[in-house]
Amino acid sequence: MELKDVRKFLEELNQDNIVFDPHFYKRLGERPINEGMVRSFLSQINKLEKIEQGKGERFKLWFKMSRKYSLILIIEIEVSKGLKVISAWNTDRKWQDKLKQ
């Protein structure tokens, strides 16, 4: 799947076709995120900043949460089944900007 196809897939995604991997739930206690937040950002394509290709049909999505934070989602897309959220976390953008310099 091409990166442009990922954006189109997300725009047409039905919330019922989103499933969460056990790894996602395992990490919930360590991170200030929840299933509702992830579902909300997946429906707000205008906040999607960047898409990176992973192995196979896995992708890393970067959503802008605020000026300071980004939400990063690791997803797997199976066109026939839907979208599986493997993992999610938020990151401090100021820290990222310093790494880029």
Contacts of type side-chain hydrogen bond (donor to acceptor under 3.5 Å, both in side chains), residue Arg7, not counting sequence neighbours | none
Rounded to the nearest 0.5 angstrom, the NZ-CD1 distance for Lys60 and Ile72 is 5.5 Å
So Leu61 and Phe41, side chain to side chain contact (heavy atoms under 4.5 Å, CB included) or not? Walk me through it.
-> CA-CA 10 Å; Leu61 307 178; Phe41 275 93; over 6 Å; no
Going only through I, L, V, M, F, W and Y residues with side-chain contacts under 4.5 Å, is there a path from Ile45 to Leu42?
-> yes
Least distance between heavy atoms, Ile33 atom then Trp89 atom = CD1-N, 4.1 Å
Of all heavy-atom pairs between Arg31 and Ala88, which one has the smallest distance, and what is that distance?
-> NH1-O, 3.0 Å
Distance-minimising heavy-atom pair for Asp21 and Ile86 | CB-CA, 3.8 Å
Shared ILVMFWY cluster between Val19 and Leu73, side chains joined below 4.5 angstrom?
-> no
To the nearest 0.5 Å, what is the distance between NZ (Lys47) and OG (Ser66)?
-> 9.0 Å
Of all the heavy-atom pairs spanning Ser43 and Gln15, show the shortest one and how long it is.
-> CB-NE2, 3.7 Å
In a check of side-chain contact (heavy atoms from CB on, under 4.5 Å) between Lys64 and each of Lys50, Glu49, Gln44, which one passes?
-> Glu49
Kindly indicate whether the side chain of Lys81, heavy atoms from C-beta on, has any atom under 4.5 Å from the side chain of Asn17.
-> no
When rounded to the nearest 0.5 angstrom, what distance separates CZ in Phe9 from CD in Glu12?
-> 9.0 Å
Closest heavy-atom pair and its distance - Glu35, Tyr25 = OE1-OH, 2.6 Å
Taken to the nearest 0.5 Å, the spacing of Phe24 CZ from Ile75 CD1 works out to 13.0 Å
Would you mind reporting whether Glu57 and Phe59 have side-chain heavy atoms less than 4.5 Å apart?
-> yes
Please report the C-alpha distance between Met37 and Phe63 in whole Å, then the side-chain angles of each, then the deciding distance to 0.1 Å, and finally whether the side chain to side chain contact (heavy atoms under 4.5 Å, CB included) criterion is met.
-> CA-CA 11 Å; Met37 176 191 292; Phe63 287 92; over 6 Å; no
Closest approach of Met65 to Asn90 (non-hydrogen atoms, all atoms of both residues) | SD-CB, 3.7 Å
